[in-house]
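Just so it is clear, the values below take in all heavy atoms, side chains as well, and ignore hydrogens, waters and symmetry mates. Because the structure is a prediction, the values reported are computed rather than measured.
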Amino acid sequence: MRVNAECRFPLSQNAPHRSISISGTTFPAGLPGAATCDPLPDTAGSPSPADDYRGFGDFVANGWRFKHFFVNLHIQEQACALSARQSPQLSILFPFMDYNHQEIERRWQQYWRDNDIYKVSEDESRRKFYVLDMFPYPSGAGLHVGHPLGYIASDIYARFKRMQGFNVLHPMGYDAYGLPAEQYAIQTGQHPEKTTVDNIARYREQLEKIGFSFDWSREVRTCDPAYYHWTQWAFMQMFNSYYDLDVDKALPISELTARFAANGTEGVHAACGKPMSFTAAEWNAMSEKEQRDVLMNYRIAYQGETMVNWCPALGTVLANDEVSEGLSVRGGHPVEQKLMNQWCLRVSAYAPRLLRDLETVDWSDSLKETQRNWIGKSEGAEMKFAVDGKDLVLDIFTTRADTVFGVTFMVLAPESKYVALLTTPEQKAAVDAYLEEVKHKTERERQIDKKVSGVFTGSYAVNPLTGEKIPVWVSDYVLAGYGTGAIMAVPAHDSRDYAFARHFNLPVIPLIEGADVSEQSFDAKEGKMINSKGPGLDLNGLEVKDAIARTKKYIEEAGLGRVKTNYRLRDAIFSRQRYWGEPFPVYYKEGTAYLLDESELPLRLPPVSSYLPTEAGEPPLARAEGWTTKEGYPIEVCTMPGFAGSSAYYLRYMDPHNDKELVSRKADKYWRNVDLYVGGAEHATGHLIYSRFWNKFLYDLGLVVEAEPFRKLVNQGMIQGRSNFVYRIKNTNTFVSRGLRKDYDTTPIRVDISLVSNDVLDTERFRNWRPEFADAEFVLEDGKYICGYAVEKMSKSMFNVVNPDDIVERYGADTLRLYEMFLGPVEQSKPWDTNGIDGVNRFLKKLWGQFEKSDSDAEMTKEEKKSVHKLIKKVTADIENFSYNTSVSAFMITLNELIQQKSRSRRAMEVITRLLAPFAPHIAEEFWHRLGHEGSVVDAEWPEYDESALVEDTVKYPVSFNGKTRYMVEVAAAASKEDVEKAALSDPNAAKWLGDKAPRKVIVVPGRIVNVVI
RNA sequence: GCAGAAAUGGUGGAAUGGUAGACACGAGGGACUUAAAAUCCCUUGCCCGAUGAGGGCGUGUGGGUUCGAGUCCCACUUUCUGUACCA
């Protein structure tokens, strides 16, 4: 059937007349009953615009809403030969499709799944691009609107790159080992795996709804044996490697063993725990156990006695980055220092390379700076101070070698092994008492309580430059873990030493000319040296900088010490006394650690009867039955920390199903490393250090091709919650707005965010929500109760969590995606405010309407073309710069322009569809198909702009006088500077501003501005 | 303390040294509607002026460079983030 009747009818009296043509082409194909009018003969001619209508009703079918009109056609008889049974009154079902996000999003998500649209494989013919998000820990609370921010940003980039022709790897997975699941297990007895799997299912569902282009076939979970097989494997490689300082890379431990057997420690420069010296003969004479003990000092994954952060509440040790201000990052429990034998990773060996290679990556300056601080390179000197009357030498590290002449005492860390050696019998009681006191302080107490404390050991050291005797003290302001655990104290030029000296009445000798040290120390590294002359060295009169260099040179020549670079970065503690983590592929034979055979990987996490430590204080794995090798040797009962599984996951995504290797050579050579990594800045000192270390280690072994894992990194800001408050006058049931009125004595009460809209409280729902205030009175302003608010972290306990599911349900994923981008720059933290979401939702609805109106296949007009090409240029540049908020506004501007132009161009919509595809993939896919395309818009080509379309015929110049804009002149775009100047000055407005003066100077910036100086 | 980032309307924010406040929210007014919702139109930095024409002032504070500064330089204030007895 072919119907060719053009009908015009008003949708409402005021709305512009809208015409539809009833024919096979305008009705989307396949719609049932698109036009249920009686069969019409071919008709020609048009009805008059004044055709009246009567009666209408809506009904919905297949997601389309139909309006039912009866139209009285006023068609000229001769133009339309109607037969007797055909009424001049035509019944039309006008398909009136609202923007139905639920329908559209469901349909296209299904289409993407069914057609494996986001599945990628290595394709040598195309250039690769790897876009990665930091994978989430699947917590029980699910996602809130803050989580997807980074995922949306990276998804836009991934889709953009794909449309530009790149083969884009964009995977997602789960960092599934972690404390919350285990804590939950302890409370409920439920296996953490169950909790984790449930949470992952929830996350997956939430993520799917937002329309990400993840290749889910590559999903990884760190708790999956097929995955942690390779975590354990990597650990084994580290156990079997040492760090050679001469070639500056990791080498197989077998090479070290061979060198020991041939030459002993002679000529070996390797990173180690404590310096060792032995001959080949001594080595060869050692028992296997002794040899293995020696090797443990060199392995990259090693077991060592170290001061660790022990968290009694969690029953485990923690890495430095898992502790903040003396409290555990997870849970906020107090942390103590404790000497324990633990597995460690020799990350410190990589400190120089971790620092140096920061220059090769495209990360933000602030993030690089954070890493630099954490690595903490400091150049100075290690100096020897002999102990008076004893055959002992104290090594100290200092960056201020120039201040040796001002050393008036020395300080040992309480944990230093020298404390026992230097304490004299007379002082023993006092020192022991002090050590006892310090031991019972937690790290937190030590930090909060900055009171000066310490005790004299009774011994004296000898200043190597002056020969003077100086007392040696013990104090907890000196850290055992940094430098040598001993310092030379220069109270005149170090504030901590100064405080200590004043407290214990020790002398203060100023060394810099003009420095007033009567009230405080002079810490600046500037000025001329005084009081600095000894038998072998005279620094007087030198600038501090030169004095430092001079002293370093002198002590090296005189054998008093050496130039040394210290790093703050310490080895990573790799054991956790917990259940929910990767087991170590390690067993113990006569107390010595051995690796399992690789063929036994993965070593599966065994079931246990309880997730608590044993009575004997051993970790939960000690409860596992048969936790031994076949031969009956006990297996390690600690598990690996959270960062173990997250350190190389980006490699596993390249080849996730490989059961022979972590990643195949081929896949690694193709995908290489991550081109764009998006995640939170909170991982700056943990994950990003460990991951870089891990990668460099694998790189040294020739297992991966890139020295840095993450080429470009973007930190998305945090989305904060907006907490709402109501204010109750004390001891009454009356609430007042905002709490701004100081005459009321008010107490803020938190209100769930769902009860508040535009700061206005739904008082009725509030009464239901908090039944104890069921009969509350509200003092209204203009009939409304206005809540107060505060911007805080988004958290359940603050009643400010906004769930993305609710937003998706109500507005759609495309709206959520656009809105999160529209909120502001991705890197910036900002509070979530659902109120603004209507703006982008309206934009999509308007765009939808514009699409429906677009029925012209003609070339774009000049105006249309200019609008559209301006948009191509803007959006392309914005995506490259991660400036997504301005992209969204550019879309809005273009749409407004097209509406203004009364555009009906399908070509314009076609370009906009492509540009919008990365941002709002569902609606774009819908448009794409309705425009008649077969495949997915995901593979549409990214449009290029035509510079000539952007050229203006005329340019409007603002004319300013002495920098103040006064009026505009319009001149031809081709006008010369002189012409522009002439136009500006001959404008009728000119006289008013020039007055009787002549312009001194006229500045014309082509295309920009005219400034007249008078 | 140190390091980094930032400070622009009622709000989120925009602005290669060149018309400050794009875009959006909110607010006010109007149209449509029996009504509401939705939608559409207008106004919206502050002050003076009459509601007009017009003018003045405005990007945390104070100075500077420049024909011209939100943007560059110096000093300061405040906020956020990270980090800390690191010798």
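- In the set B/A84, B/A87, B/G4, B/A84 carries the atom at the smallest distance from any side-chain atom of A/R568.
- Rounding to whole angstrom units, CG of residue A/D838 and P of B/A38 are separated by 8 Å.
- The side chain of A/Y482 contributes an N or O atom lying less than 4.0 Å from OP1 or OP2 of B/A87.
- Regarding A/L818, its CG atom lies at a distance of 15 Å from the C1' atom of B/C25, rounded to whole Å.
- Looking at heavy-atom distances under 4.0 Å, A/I487 makes contact with a base.
- If you take atom P in B/A38 and the same atom in B/C25, they sit 12 Å apart, rounded to whole Å.
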Quick one: which protein N/O atoms are closer than 3.5 Å to N/O atoms of nucleotides 62-68 of chain B? Pair and distance per line, please.
unit_1, atom_1, unit_2, atom_2, d
B/C67, O2', A/N1011, ND2, 3.2
B/C67, O2, A/N1011, ND2, 2.5

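- The same atom, C1', is picked in B/G45 and in B/A15; the two are 16 Å apart, to the nearest Å.
- At least one side-chain nitrogen or oxygen of A/R842 sits closer than 4.0 Å to the OP1 or OP2 atom of B/C25.
- The side chain of A/R966 approaches B/G56 more closely than any other nucleotide in the set B/G56, B/A87, B/U83.
- A/E379 is linked by a salt bridge (charged side-chain N to carboxylate O under 4.0 Å, His left out) to A/K377, counting only residues two or more places apart in sequence or in another chain.
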Tabulate atom names and distances for all N/O pairs under 3.5 angstrom spanning the protein and nucleotides 7-13 of chain B.
unit_1, atom_1, unit_2, atom_2, d
B/G12, O2', A/L823, O, 2.6
B/G13, OP1, A/Q828, NE2, 2.8
B/G13, O3', A/N885, ND2, 3.3

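- With hydrogens and angles left out, the side-chain atoms of A/D497 and A/Y477 include a donor and acceptor closer than 3.5 Å.
- Between A/V1010 and A/I837, the residue whose closest nucleotide on RNA chain B is further toward the 5' end is A/V1010.
- For B/G1, the paired nucleotide is B/U83, the pair qualifying as Watson-Crick or G-U wobble because both relevant distances are below 3.5 Å.
- Among the atoms of the strands shown, only primed sugar atoms or phosphate atoms (P, OP1, OP2) are found under 4.0 Å from some heavy atom of A/W993.
- Nucleotides B/A37 and B/U61 are separated by 49 Å at their C1' atoms, to the nearest Å.
- Nucleic acid contact class of A/M488 (heavy atoms, under 4.0 Å, all strands): none.
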* **Verdict with supporting geometry, A/W473 and A/F500, ring-ring contact (aromatic ring centres under 6.0 Å, His included)** => CA-CA 10 Å; A/W473 288 65; A/F500 195 84; 5.5 Å; yes

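- Taking atom C1' on both nucleotides, B/G12 is separated from B/G26 by 11 Å, rounded to a whole Å.
- Shown here, B/C72 forms a base pair with B/G64; the pair counts as Watson-Crick or G-U wobble because both key distances fall under 3.5 Å.
- For A/F891 and A/F919, the distance between ring centers is under 6.0 angstrom.
- In this structure, A/N373 atom CG and B/A5 atom P are separated by 12 Å, rounded to whole Å.
- Between B/U71 and B/U66, the distance separating the two C1' atoms is 13 Å to the nearest Å.
- Listed by chain and number, the residues in a side-chain hydrogen bond (donor to acceptor under 3.5 Å, both in side chains) with A/D362 amount to none (sequence neighbours excluded).
- Heavy-atom nearest nucleotides on RNA chain B were determined for A/A681 and for A/R496, and the one closer to the 5' end corresponds to A/A681.
- Taking the P atom of each, B/G70 and B/G17 are spaced 13 Å apart, rounded to whole Å.
- Taking 4.0 Å as the cut-off between side-chain N and carboxylate O, A/E952 and A/K866 count as a salt-bridged pair.
- Within the 4.0 Å cut-off from OP1 or OP2 of B/A24, at least one side-chain nitrogen or oxygen of A/N896 is found.
- Counting any heavy atom pair closer than 4.0 Å across all strands shown, A/S889 reaches a base atom.
- We find that CE of A/M410 is positioned 16 Å from P of B/A87, with the value rounded to whole Å.
- When Watson-Crick and G-U wobble pairs are counted only if both distances are under 3.5 Å, B/C40 pairs with B/G30.
- With both ends at atom P, the span from B/C42 to B/A35 equals 24 Å, rounded to whole Å.
- Pair assignment for B/U78 gives B/A6, based on Watson-Crick or G-U wobble hydrogen-bonding distances that are each under 3.5 Å.
- Under the side-chain hydrogen bond (donor to acceptor under 3.5 Å, both in side chains) criterion, A/E359 pairs with no residue at all, not counting sequence neighbours.
- If you check distances only, the side chain of A/R372 never reaches the base of B/U83 with a donor-acceptor pair under 3.5 Å.
- Here A/K846 lies in heavy-atom contact (under 4.0 Å) with sugar-phosphate atoms only.
- For A/K384, the NZ atom sits in a loose shell: 12 or fewer heavy atoms of surrounding residues, nucleotides or ligands are nearer than 6.0 Å.
- As the counterpart of B/C57, B/G45 is assigned, both hydrogen-bonding distances of the Watson-Crick or G-U wobble pattern falling under 3.5 Å.
- In the set B/C57, B/U19, B/A14, the nucleotide with an atom closest to the side chain of A/K964 is B/C57.
- Side chain of A/M892, nearest nucleotide from B/G4, B/C86, B/C23: B/C23.
- Taking the six-membered ring for Trp and thresholds of 30 and 60 degrees, A/Y967 and A/F961 have ring planes inclined between 30 and 60 degrees apart.
- Nucleotide B/A15 forms no Watson-Crick or G-U wobble pair with any nucleotide shown, as no partner meets the under 3.5 Å limit on both distances.
- Separating the OG1 atom in A/T565 from the CD atom in A/E382 is a distance of 11.0 Å, to the nearest 0.5 Å.
- Ring orientation note: the planes of A/F522 and A/H493 are nearly perpendicular, at an angle over 60° on the 30°/60° scale.
- The CD1-P distance, from A/I396 to B/C86, rounds to 15 Å in whole Å.
- Every ring-ring contact (aromatic ring centres under 6.0 Å, His included) that A/F882 has, sequence neighbours left out, goes to A/Y157, A/Y884.
- Here the nucleotide nearest the side chain of A/I1009, chosen from B/C25, B/C86, B/G18, is B/G18.
- As rounded to whole Å, 21 Å separates atom P of B/C85 from atom CD of A/Q520.
- The distance between atom CH2 of A/W374 and atom P of B/A3, rounded to the nearest whole Å, is 18 Å.
- An anti base is found at B/G28: its glycosidic angle is more than 90° from 0.
- Between A/Y819 atom OH and B/A24 atom C1' the separation is 9 Å, expressed in whole Å.
- Atom name C1', nucleotides B/U77 and B/C67: the rounded distance is 32 Å, in whole Å.
- A side chain to side chain contact (heavy atoms under 4.5 Å, CB included) with A/V980 holds for exactly one of A/V955, A/V1002, A/V971, A/V959; it is A/V971.
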